[in-house]
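The figures here come from the full heavy-atom set of this structure, side chains too, leaving out hydrogens, waters and symmetry mates. Just so it is clear: chains get the letters A, B, ... in the order the sequence lines come, proteins before strands, and each one is counted from 1. Quick caveat, the model's predicted, so the values are computed rather than measured.
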Protein chains: 2
Amino acid sequence: MAGKRVFPRSLQYLLAIAEHGSFTRAAEALRVSQPSLSQQIKQLEESLQSPLFSRSGRTVRLTNAGEIYIRHARRARGELEAGRRAVHDVQNLSRGSLRLGWTPITDYLTCSLLEDFNSRYPGITLKTLEMPQGDLEVAVAEDSIDVGIAFGKPFSGESPSSEIQTDLLFEETLCLAVGNAHPRAGQQVRMSVQEFGRESLALLNTNFAMRHHIDQYCLEHRIAPNVAIESNSLNVIIEMIQFGPLATVVPKSIVRTQCGLYSINLSPEMPRKAIILFYRNVGYMSPAVLAFSRLASDWSVRRLTQTPIRKRRPCPLAEAP
Amino acid sequence: MAGKRVFPRSLQYLLAIAEHGSFTRAAEALRVSQPSLSQQIKQLEESLQSPLFSRSGRTVRLTNAGEIYIRHARRARGELEAGRRAVHDVQNLSRGSLRLGWTPITDYLTCSLLEDFNSRYPGITLKTLEMPQGDLEVAVAEDSIDVGIAFGKPFSGESPSSEIQTDLLFEETLCLAVGNAHPRAGQQVRMSVQEFGRESLALLNTNFAMRHHIDQYCLEHRIAPNVAIESNSLNVIIEMIQFGPLATVVPKSIVRTQCGLYSINLSPEMPRKAIILFYRNVGYMSPAVLAFSRLASDWSVRRLTQTPIRKRRPCPLAEAP
DNA sequence: TAAACTTATAGGAATTTCCTATGGCTGGAA
DNA sequence: TTCCAGCCATAGGAAATTCCTATAAGTTTA
């Protein structure tokens, strides 16, 4: 079935004849009749407008042109063979690439997933691209990225889009986060909504979906958040919080991975939001995407059961170009 | 007729589709029907056991495997195109090689022919091989050299061998040669055979055809040559002659090209011997051989009319490996 | 929902490749 | 010299492949 080779017959014959030094022996080796070789070589010679073999008497020898041409033919064969192996490697996940899009918030939460993927499939180049959450959906749909990782309910738009597969990675609760210097640092009791309204906050700006969740929570509980600083960089906000009197709202997991941050639960709790993985589910799916989604579901299970938290700075992969 | 391209259809289609981003447009550009492309690509994908294009909706895009494979396909196409050009170059004499066999005597006489050839066809590699005259015939017949240059009547053997073409380059008279220090240096009058018999000679050994000519001459005139030194290197002999009292017998032209040598004609004259070019004339003849024989006949005509003699040391080409 | 557009499929036509049989030529053996 | 064995070329029909027309199935746009 798949035994069809793409390398041209004429060149295959050329190489065989040169190797065996004889049409007849080459024909035997190739399991075809000798006239087939004569014909193919004749056509090739006509195509190149030059004899490739010097036939005189009982011996067949490459001409000067033949010697030169055969080198190129060999290299062409090598290229096609290498191409075949390379495709095979992609299927085996020992090569390839995967383009990942995520938001500046989710990168804090799923960086270790990328590390796992990279150590499991070191041959696959990971290309990560940070972008606003709204763009992720578009990017996946138009195939400019392979997979997206989003925070909060995705695809809030009109189309439920059966073409896009979404997998739940885990759920996350938003909480108030403060630094060492904050008077509430280490507080165990829940904070009321009213108290929350009085905190000076450093928040992501309204381009971010997470901010909308926060604003929505405030609206529902009829308070106005006291926003001292807005930024489009979560990094900046965390730096601000860490050693100052301001507070912010982030997923609880982020607090656990950052040194010098303390979480304070609210009462009533902020809504739980899902971290989800999504990718195109129509037509061809690359082995890398399948492998990533498989690994991600393992990873989310492990995360829920074991929750091995390492305190650290943001993962460097998240800042790669 | 010669419009047949060797590059596989399937790859040609693959590249066209990738370039146009569409089966339909590629089919238009290639002037074939669109189903042909579908079919070829399908077969290629089956052969590689991997999809190469991601078809979803109205857009066609290379898969990861496709992107990787197409690079190799492009390189293979480049190789075959380069091979085609290279063969063309050989036909145009802008590339190729020519293997020349000659004897240690003829190299002194035809070195400038090689220089002419090299300056006329600088892309053709000249490979010269010195060998005994008897071997030249065999080497040409079995195609281990392309052309031979011999001194004296060639192919004295049984077969007139209609397969070998021989061209006369020029005729050459043997003469006595002496150096500066020799008492006869500069003598204009002819030397008798008896006087010749009394000269102390440095001669090539009997492996050389020229030596046989000399011995034959002596035999015919009933003298015994007075051989002081034998050598298998003409170079050695000329060095010996140049500053000492010995004499030797060489073609007259050699004397004219060597500093400090003087020629003395014999009476009766030694027989004129031909310098000839010979090469296989059956089956395929490489453009380089044809060009060499063409140039050689020009060169021999020019040599006879103009005879531009340059005094110099032996041509370095003659000593090339 | 219809119209426009794109790729896939099916089946027969056209082309190419292949095989058998044979011819011509060369080189070695009788 | 003559014959025979070995090798490549040629011819013509068989087999396989490629190609084309017609059409289906699907998506996108109006």
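Whole-Å rounding puts the A:I17 CD1 to D:dA9 C1' distance at 13 Å. Rounded to a whole Å, the CG atom of A:L44 is 16 Å from the C1' atom of C:dT16. Taking atom CG on B:L52 and atom C1' on C:dT7, their separation rounds to 16 Å, with Å as the unit. With rounding to whole Å, B:F53 atom CZ is found 16 Å from C:dT6 atom P. If you measure from atom CZ of B:F23 to atom P of D:dT27, you get 16 Å, rounded to the nearest angstrom. Between B:Q39 atom CD and D:dA16 atom C1' the separation is 13 Å, expressed in whole Å. Taking atom CD on A:E46 and atom C1' on D:dA9, their separation rounds to 13 Å, with Å as the unit. Note: CZ (B:R61) to P (C:dT7) measures 13 Å, nearest angstrom.
Look at A:R55 and you won't find any side-chain N or O under 4.0 angstrom from OP1 or OP2 of D:dC7. An OP1 or OP2 oxygen of C:dT9 is reached within less than 4.0 angstrom by no side-chain nitrogen or oxygen of B:S38. Within the 4.0 Å cut-off from OP1 or OP2 of C:dC19, at least one side-chain nitrogen or oxygen of A:S36 is found. Put simply, B:Q40 has no side-chain N or O that comes within less than 4.0 Å of OP1 or OP2 on D:dT17. Between B:Y13 and C:dT7 there is no side-chain polar atom (N or O) within less than 4.0 angstrom of OP1 or OP2.
B:L80 is not listed as a side-chain neighbour of B:R84, based on a closest heavy-atom distance of 4.5 Å or more. B:E67 has its side chain out of reach of A:V90: every pair of non-hydrogen atoms, C-beta onward, lies at least 4.5 Å apart. When side chains are defined from C-beta on, B:F170 does not count as touching B:I276, because their heavy atoms never get closer than 4.5 Å.
Side-chain contact, A:D146 with A:S286: no donor N or O sits under 3.5 Å from an acceptor N or O.
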Could you walk me through whether A:D89 and A:Q91 satisfy the side chain to side chain donor-acceptor pair (under 3.5 Å) test, starting with their C-alpha distance in whole Å, then the side-chain angles of each, then the deciding distance to 0.1 Å, before giving a yes or no?
CA-CA 5 Å; A:D89 286 351; A:Q91 299 307 103; over 6 Å; no
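Across all strands, B:S22 comes closer than 4.0 Å only to sugar-phosphate atoms, never to a base (heavy-atom distances). Using a 4.0 Å heavy-atom distance criterion, A:T24 is classed as a sugar-phosphate-only contact.
Put simply, the side chain of A:Q34 and the base of D:dA9 share a donor and an acceptor less than 3.5 Å apart.
Looking at the side chain of B:Q43, the nearest of the listed nucleotides D:dT18, C:dC19, D:dC20 is D:dT18. Comparing D:dC8, C:dC19, D:dC7 by their closest approach to the side chain of A:V60 singles out D:dC8.
Comparing A:K42 and B:R9 by the nucleotide of DNA chain D whose heavy atom lies nearest to each, the residue mapping closer to the 5' end is A:K42.
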